[in-house]
S.K.: 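The structure follows.
Order of appearance sets the numbers: ligands from 1, and atoms from 1 within every ligand.
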Amino acid sequence: MTGNELIGCHDCGLLQRLPDVPASGVATCTRCGSALYRRKPHGVERALALTAAGLILFVIANSFPFLVLEMKGQMTQITLYGAAGAILDQGMPSIAVLVFATSVLAPFLLLILLLAVLAPLRTGAVPPFVPFLARLLPRLTPWVMTEVFALSILVALVKLTNMADVLLGISLYAIFGLMFVLSATLSNLDLHDIWERISPVSPAREPSPSDARPILCHTCGLLNAPNGETADGRCRRCRDDLHPRKPNSLQRTWALVIAAMVCYLPANMMPIMISGYGGWYRSDTIMEGVIYMLLYDSWVLAVIIFVASVLVPLTKILILLYLLISVRMRSRWRPQDRTRLYRVTEIIGKWSMVDIYVVAIMAVLVNLGNFGFVRAGLGAIFFGAVVVFTMIAAMSFDPRLIWDAAERNHGATA
Ligand SMILES: [Zn+2]
Ligand SMILES: [Zn+2]
């Protein structure tokens with residue numbers, strides 16, 4: 001991508017000319033401050049090499065146990081895919097699917113997608129399936145939660161060392177390696193670059209800001225002229241559906257936020273974890289679990305779980321409610337700060353999964369017949385629903401709606 005190209009902002013919709021971006025530099029939106037374009041020299045080549053490393057680490061992570069527990073002469077061990085299996089055995093298929101999809105399936109699919117998109121781009125010959133696969137990349141990325149799973153292993157490790165001998169397995173290092181490799185791969189990629197290499201845009205066909213409202217493709221970032229070329233309602237480059245704004249954004253976000261609020265109460269009032277050791281057993285809600293950790297495990301764990309399980313979902317619901325109401329009231333108050341708040345909801349959501357992963361890991365390892373057990377409580381199902389509903393709600397919300405009210409005071413928007 002070269003300088004002086006017309007580009008639309010994903011977050012506020014403003015059309016602007018791209019300045020010359022130095023190597024490893026970032027161009028930010030002149031209105032809302034979002035990153036418009038990151039220039040990553042050799043980004044595709046680096047991301048491809050990292051993807052290959054990620055696949056090797058993924059295989060190691062799934063081939064060996066990451067923790068081994070020894071208690072009263074009995075040994076149990078856990079593999080990456082084993083965490084979901086234990087929850088399934090306890091009759092909670094929805095939580096098992098959520099754990100498996102986010103900790104095993106999504107990272108695997110992301111690595112395969114990256115390989116299938118980047119390898120042809122590296123050689124220069126782009127087969128027809130590549131645009132379809134590239135469209136899936138930004139949709140899949142939010143569901144890859146390897147870093148959250150890695151944090152959950154540390155939390156479970158501290159809890160378990162208080163009750164038994166725990167050995168670290170080889171796959172633990174592979175999971176942490178995979179976490180860093182995935183994050184480095186994504187930070188070396190700019191979607192604009194990928195799409196430019198799939199299909200460069202001829203400047204002659206580029207719409208100008210004075211045209212009647214070009215439509216910004218939310219998938220590949222291309223500006224489509226609203227006349228002729230987009231008659232079939234699809235982007236002329238990536239063939240994804242083209243909408244000036246995400247369709248029914250407000251209605252869908254409202255419905256999902258209300259669903260999350262309905263599930264939030266039982267998620268906090270019903271037990272999330274039921275455990276028994278040596279003849280006694282206890283069931284803990286999220287808050288009871290936090291207090292137990294504060295008294296018997298470590299205040300660091302208590303803070304992690306309190307932030308991830310109580311503060312993050314509540315903050316996310318409140319921010320989304322505030323954004324929905326402010327858009328409904330066509331507020332012109334500090335749209336830049338409201339756009340920032342929206343970005344916060346996108347980033348923090350996945351960290352709520354920590355508690356669910358911890359319960360899953362404990363359920364596999366503390367499974368010693370009559371001597372001790374851990375299983376997920378009904379609260380976990382509602383809590384998982386809160387995480388999923390708030391994540392999809394944040395994806396459904398279109399931050400450009402924040403700017404629509406203030407639009408007349410500024411330039412053209414797409
Ligand atoms: Zn912007
Ligand atoms: Zn497109």
Side-chain angles (χ1 to χ4, degrees), residues 1 5-19 21 26-38 113 117 121 126 128-141 189-203 205-207 209 213-247 249 323 326-327 332-347 397-414:
M1 193 167 259
E5 203 161 300
L6 194 62
I7 192 167
C9 173
H10 260 247
D11 279 358
C12 76
L14 184 72
L15 295 186
Q16 50 213 292
R17 294 274 165 202
L18 193 67
V21 185
V26 186
T28 51
C29 173
T30 53
R31 184 164 74 173
C32 75
S34 298
L36 285 176
Y37 173 67
R38 293 170 199 277
L113 269 187
V117 170
L121 290 189
V126 182
F129 62 81
V130 169
F132 171 74
L133 296 181
R135 282 195 337 231
L136 300 177
L137 274 176
R139 290 180 169 85
L140 180 65
T141 314
L189 280 181
D190 186 272
L191 280 178
H192 284 288
D193 264 345
I194 291 190
W195 283 105
E196 277 297 302
R197 288 174 77 150
I198 290 175
S199 159
V201 182
S202 124
R205 299 175 71 196
E206 186 187 78
R213 289 177 71 100
I215 302 174
L216 174 69
C217 171
H218 219 69
T219 303
C220 76
L222 184 74
L223 288 166
N224 287 259
N227 43 10
E229 289 171 329
T230 54
D232 63 349
R234 287 172 183 275
C235 171
R236 69 186 146 98
R237 177 159 68 181
C238 72
R239 308 302 299 153
D240 210 354
D241 288 339
L242 212 52
H243 305 283
R245 296 291 175 268
K246 292 180 190 172
S249 167
L323 292 177
S326 76
V327 166
R332 294 187 175 200
W333 187 75
R334 298 170 79 162
Q336 190 167 2
D337 288 336
R338 282 186 286 144
T339 310
R340 276 199 198 108
L341 276 179
Y342 171 69
R343 263 176 256 143
V344 168
T345 66
E346 280 193 310
I347 296 164
F397 184 77
D398 193 331
R400 289 171 294 179
L401 297 172
I402 297 173
W403 294 87
D404 284 349
E407 192 183 6
R408 268 168 289 142
N409 300 340
H410 296 275
T413 55

S.K.: Would one find more than 12 heavy atoms of other residues, nucleotides or ligands at under 6.0 Å from atom CZ of Arg38?
M.R.: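 No, because the 6.0 Å sphere around CZ of Arg38 holds 12 heavy atoms or fewer from other groups.
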S.K.: Please report the interatomic distance CG(Leu36) to OG1(Thr30), rounded to the nearest 0.5 Å.
M.R.: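 So the gap between those two atoms works out to 7.5 Å.
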S.K.: Does the plane of the ring in His10 sit parallel, tilted or perpendicular to the ring in His192? Use 30° and 60° as the thresholds.
M.R.: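 Rings of His10 and His192: perpendicular, as their planes differ by over 60°.
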S.K.: For a distance under 2.8 Å, tell me if His218 has an N/O/S atom near the Zn ion (ligand 2).
M.R.: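 No, outside the cut-off.
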S.K.: If waters are left out, how many protein N/O/S atoms lie within less than 2.8 Å of the Zn ion (ligand 1)?
M.R.: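 For the Zn ion (ligand 1), protein nitrogen, oxygen or sulfur atoms under 2.8 Å: 4.
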S.K.: Given the Zn ion (ligand 2) as the apex, I'd like the angle to SG of Cys235 and SG of Cys220, rounded to 10 degrees.
M.R.: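 Value returned, to the nearest 10°, is 100°.
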S.K.: Side chain of Arg338, backbone of Trp333: donor and acceptor closer than 3.5 Å?
M.R.: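 The answer is yes, because a donor-acceptor pair under 3.5 Å joins these two groups.
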S.K.: Any salt bridge linking Arg234 with Asp241? Criterion: basic side-chain nitrogen under 4.0 Å from a carboxylate oxygen.
M.R.: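 Judged by the 4.0 Å cut-off on N to carboxylate O distance, Arg234 and Asp241 do form a salt bridge.
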S.K.: Any donor and acceptor pair, going by atom type alone, linking the side chain of Arg135 with main-chain N or O of Cys238 inside 3.5 Å?
M.R.: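 Yes; at least one donor-acceptor contact below 3.5 Å.
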S.K.: Report yes or no: does Asn224 contribute a side-chain atom to a donor-acceptor pair with the main-chain N or O of Arg236 at less than 3.5 Å?
M.R.: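 Yes, Asn224 side chain to Arg236 backbone: donor-acceptor pair under 3.5 Å.
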